[in-house]
Amino acid sequence: MDCFRIDGPVALSGSVPVAGSKNAALPILAASLLAEEPVELRRIPQLGDVRVMLRVLECLGAEISPWYHAADSTPVPGGSASMPGGSALALSVPDDGPCEVPARLARAMRASFCVLGPLLARRGRGVVPLPGGCRIGPRPIDLHLAGLAALGAELSVERDRVVASAGRLRGATIDLTGPRGSTVTGTANILSAATRARGKTVILGAACEPEIVDLGRFLVSLGARIEGLGSRVIEVTGVDGLGGTRHTVIPDRIEAATLLLAGAITGRWASSAESTVRLTGVSPGDLAPVLAALRGIGFDIAEGVDWVAIRSAGRPLPAQLAAEPHPGLPTDVQAQFTALLALAVGRSTVRDDVFPERFRHVAQLRRFGASITVQAGTATIDGRHALRGATVVASDLRASSALVLAALAAGGRSTVRGIHHLDRGYELLDAKLRSLGARIERVTQETAGRRAARLALPAAVAG
Ligand code: EPU
C-alpha cells in the first residue's frame with residue numbers, strides 16, 4: 001500500500017495542466033456501448049476508476065486500443081499524459097456480446113452501474129451487480145431502476161445483482177428528483193438508454209452538472225436527438241441507431257478546484273509574500289461556484305478563456321458554505337474546503353446537502369490540530385493559526401485530497417495513508433503538486449505479511 005510523505009508548509013507556485021474529467025469520462029465510456037461504429041475519446045484521464053471502467057467494457061466485448069497521444073497517435077506510457085487534449089483511446093463495441101458485469105469490478109466503483117442503460121438499449125439485456133464506490137453515506141439506485149422500468153425494462157434483484165431485460169425501450173416521462181436533488185449517474189443512465197427508445201422521453205428533475213452536459217454532447221455526436229442539456233428538463237427523441245464519433249472530454253473541475261485550494265492553503269508561506277498557482281486547460285465557467293467561494297473568502301482569482309490562477313498571501317476569511325447540486329458548490333470539493341477553512345480567521349460552517357454523512361475526513365483533520373465538530377450534516381470549524389504534521393488515513397477519494405491539502409499547510413512531516421482512494425480519481429496529483437514546489441513523496445510500503453513472506457525466502461530468491 002502506498003502512502004504520501006509530505007513536508008510542510010511550502011508555498012506553491014507555477015503552472016500545471018488539468019486532466020480530463022473523471023466524472024464525465026466514466027459515463028461517456030459506459031455510453032460508448034451504444035455506438036455502432038468506432039469511437040475515439042480524447043482527454044481520458046489515466047486513473048484507477050477509468051481503468052476499472054475499461055475492464056468492465058472489455059468484459060462486455062468492447063475492443064479498446066492502448067492509450068495514445070491525441071496529437072500524434074504515439075503510445076502513452078502508463079500514467080503520463082496530462083495535457084490539453086491529452087491521452088486518447090479508440091473503442092469499438094459489437095452488437096452482440098456478454099451482458100453481465102463481473103461482481104469484483106462492479107463493487108470497485110459506483111459508476112459501473114452506468115452501463116446498465118446502454119446495455120439494455122443496445123442488447124436488450126444487462127446483469128449488473130449492485131455497485132460499490134466511496135463510502136460517503138447512503139447511495140441508493142432506486143431512481144435508476146424506476147427510470148429504466150418506466151422505459152419498459154423488466155428488472156429484478158437476484159443475489160445482489162440487478163437483472164434487466166427489454167425489447168425495444170419506449171419513451172416515457174420520468175422524474176429523477178430524489179430526496180436530495182437529482183441523481184447524476186442516474187441521469188446518465190436514463191439519458192443514455194432513452195437515445196434509442198421508441199418515441200420521446202422527458203426527464204424531469206435531470207441533473208444539470210457539466211459532466212451530464214458533456215455526456216449529452218457525446219451522445220448527440222453519435223446521432224442522438226437531445227434538447228435541454230444543462231437544464232432540469234431534458235427531452236430525448238429516440239433514434240433507430242447511433243454511429244461513431246470523436247469526442248474530447250471536458251477538463252476535470254474537481255481536480256482543478258483541488259489544485260486551486262492547494263495554492264490557497266499554502267500561499268501565506270511564500271517568501272515573496274504571495275504565491276500564484278495557474279491552471280491551464282480548464283473551463284472557468286464550470287468552476288464558477290468554486291471561484292465564487294474562493295473570492296468570497298479573500299483569494300484573488302484571475303481567469304481567461306481556458307486558464308485560471310489564484311494568488312494567495314494569507315489566511316482565508318471565515319465562510320458559511322453549503323454543498324449542493326449544480327450550480328451550487330459541488331459536494332466533491334466539500335472536504336477540501338473544510339480543510340482550507342481549518343486555517344480561517346474565525347468560525348466557519350460547511351454543510352453538505354447532497355451527502356450529509358460525507359464528513360469522515362473531519363476526524364483525520366483533527367489530528368493536524370484542526371478544530372472541527374460535525375452535527376446533522378454541518379461542520380463547524382474554528383479556524384486555527386497553524387496546523388501541525390500528522391499521520392492520517394484517508395477514507396474516500398475527496399477525503400484523501402483534503403488530507404493532502406492539510407498536510408501541505410501543516411508544519412513538519414505528515415504521512416497520508418490510504419491513498420489508493422486518491423489514485424482512483426486523480427491523475428498524477430502528487431507529481432503536479434511537486435511541480436508546483438510541494439515536498440510530497442510517494443512511498444511504497446510493504447505490508448507486514450509481504451515482508452514476513454519475503455524474509456522467509458532464501459536471500460537469493462528474496463532479492
Ligand atoms: N440518490 C437517491 N436515489 C438514487 C440515486 C441517488 O436517492 O437512485 C441520492 C443520493 O443518495 C444522494 C443524491 O441522490 O443523496 C445524489 O447522488 P447522485 O446519484 O447524484 O450521486 P452519484 O451519481 O452516485 C455522482 C458522482 C459523485 C458525486 C455525486 C454528486 C460520478 C461517477 N460520481 O455520484 O462523485 O459526489 O454525483 O455530485 O459521477 C467523486 O467523484 O468523488 C464522487 C463521489
Side-chain angles (χ1 to χ4, degrees), residues 19-31 45 47-50 52-53 56 106 108-117 130-150 155 157 162 174-192 205-215 249-250 252-258 286 289-290 323-336 351-358 360-361 377 394-402 421-427 429:
S21 160
K22 166 182 88 79
N23 288 347
L26 292 172
I28 287 173
L29 283 164
L47 42 82
D49 277 6
V50 164
V52 173
M53 182 59 89
V56 168
M109 181 183 70
R110 182 168 173 86
S112 57
F113 208 67
C114 289
V115 302
L116 186 57
L130 297 173
C134 279
R135 285 158 52 207
I136 54 180
R139 301 187 75 183
I141 49 164
D142 55 312
L143 295 167
H144 298 240
L145 299 184
L148 292 172
L155 301 142
V157 179
V162 175
I174 296 164
D175 191 345
L176 291 180
T177 312
R180 309 212 158 270
S182 186
T183 160
V184 176
T185 49
T187 303
N189 233 336
I190 305 308
L191 173 61
S192 302
C208 43
E209 270 66 7
E211 293 76 15
I212 294 296
V213 176
D214 198 31
L215 167 67
V249 170
I250 56 170
D252 195 313
R253 62 191 171 116
I254 307 301
E255 185 205 4
T258 304
D286 291 346
V290 170
E324 294 165 344
H326 193 74
L329 190 69
T331 171
D332 293 343
V333 299
Q334 176 264 108
Q336 300 90 314
R351 209 175 71 223
D352 196 324
D353 288 347
V354 180
F355 294 115
E357 294 173 31
R358 193 179 199 175
R360 296 178 72 199
H361 42 283
S395 55
D396 59 79
L397 167 56
R398 306 306 172 185
S400 55
S401 57
H421 293 293
L422 185 132
D423 292 334
R424 287 183 50 189
Y426 287 95
E427 184 186 78
L429 188 70

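Order of listing sets the numbers, starting from 1, for every ligand and every atom in it. Note: hydrogens, waters and symmetry copies are ignored here, and every other heavy atom, side chains too, is used. Position 1 is the first residue of the sequence, and the numbers go up from there.
Contact annotation: Ala207 has no heavy atom less than 4.0 Å from any atom of ligand 1. At least one heavy atom of Lys22 sits closer than 4.0 Å to an atom of ligand 1. At least one heavy atom of Arg358 sits less than 4.0 Å from an atom of ligand 1.
The nearest non-hydrogen atom to atom 31 (C) of ligand 1, considering only Leu215, Asn23, Asp142, Ile254, comes from Asn23. Taking all heavy atoms of Pro140, Gly186, Gly178, Ala188 into account, the minimum distance to atom 2 (C) of ligand 1 is reached by Pro140. Around atom 18 (P) of ligand 1, the closest heavy atom drawn from Val184, Thr177, Leu26 belongs to Val184. Taking each of Asp332, Thr187, Asp353 in turn, the one with a heavy atom nearest to atom 27 (C) of ligand 1 proves to be Asp332.
Of the polar atoms of Arg398, at least one N or O is found under 3.5 Å from an N or O of ligand 1, judged by distance alone. In terms of polar-atom proximity, Leu397 is not counted as a contact of ligand 1, lacking any N or O under 3.5 Å from an N or O of the ligand. Polar contact check, Glu209 against ligand 1: no nitrogen or oxygen pair lies under 3.5 Å apart.
Not one N or O on the side chain of Arg351 forms a donor-acceptor pair closer than 3.5 Å with the backbone of Gly377. A side-chain donor-acceptor contact under 3.5 Å links Asn189 to the backbone of Phe113. No donor-acceptor distance shorter than 3.5 angstrom exists from the side chain of Asp214 to the backbone of Ala24, with no hydrogens or angles considered. When atom types are taken as modelled, the side chain of Glu209 and the backbone of His326 share a donor-acceptor pair closer than 3.5 angstrom. Without hydrogens or angle criteria, Thr185 side chain to Ala111 main chain gives no donor-acceptor distance under 3.5 Å.
When all heavy atoms are compared, the tightest approach of Thr183 to Ala207 is O-CB, 3.7 Å. Closest approach of Gly147 and Ile174 over heavy atoms only: O-CD1, 3.5 Å.
Interface atoms of ligand 1 facing Ile141, defined by a heavy-atom separation under 4.0 Å, are 8 (O). Set against the non-hydrogen atoms of Arg180, the atoms of ligand 1 under 4.0 Å away are 15 (O). Atoms of ligand 1 found under 4.0 Å from any heavy atom of Pro179 (numbered from 1 in listed order, with element): 7 (O). Annotation for ligand 1: atoms under 4.0 Å from non-hydrogen atoms of His144 are 8 (O). If you number the atoms of ligand 1 from 1 as listed, the ones under 4.0 Å from a heavy atom of Thr331 come out as 30 (C), 36 (O), 38 (O). In summary, the atoms of ligand 1 found under 4.0 Å from a heavy atom of Thr185, numbered by their order in the structure, are 22 (P), 23 (O), 24 (O), 31 (C), 32 (C), 39 (O). With ligand atoms numbered from 1 in the order given, ligand 1 contributes 12 (C), 15 (O), 16 (C) to contacts under 4.0 Å with heavy atoms of Val354.
Ion pairing of Arg358 with Asp332 is present here, as a side-chain N (NZ or NE/NH1/NH2) and a carboxylate O approach within less than 4.0 Å.
Of the residues listed (Glu211, Arg110, Met53), the one engaging Leu26 in a side chain to side chain contact (heavy atoms under 4.5 Å, CB included) is Met53, and it is the only one.
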> Between Ile254 and Arg398, does a side chain to side chain contact (heavy atoms under 4.5 Å, CB included) hold up when you go through it step by step?
Replying inline: CA-CA 9 Å; Ile254 307 301; Arg398 306 306 172 185; 3.4 Å; yes

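Residues Gln334 and Asp352 bring a donor and an acceptor atom of their side chains to less than 3.5 Å of each other.
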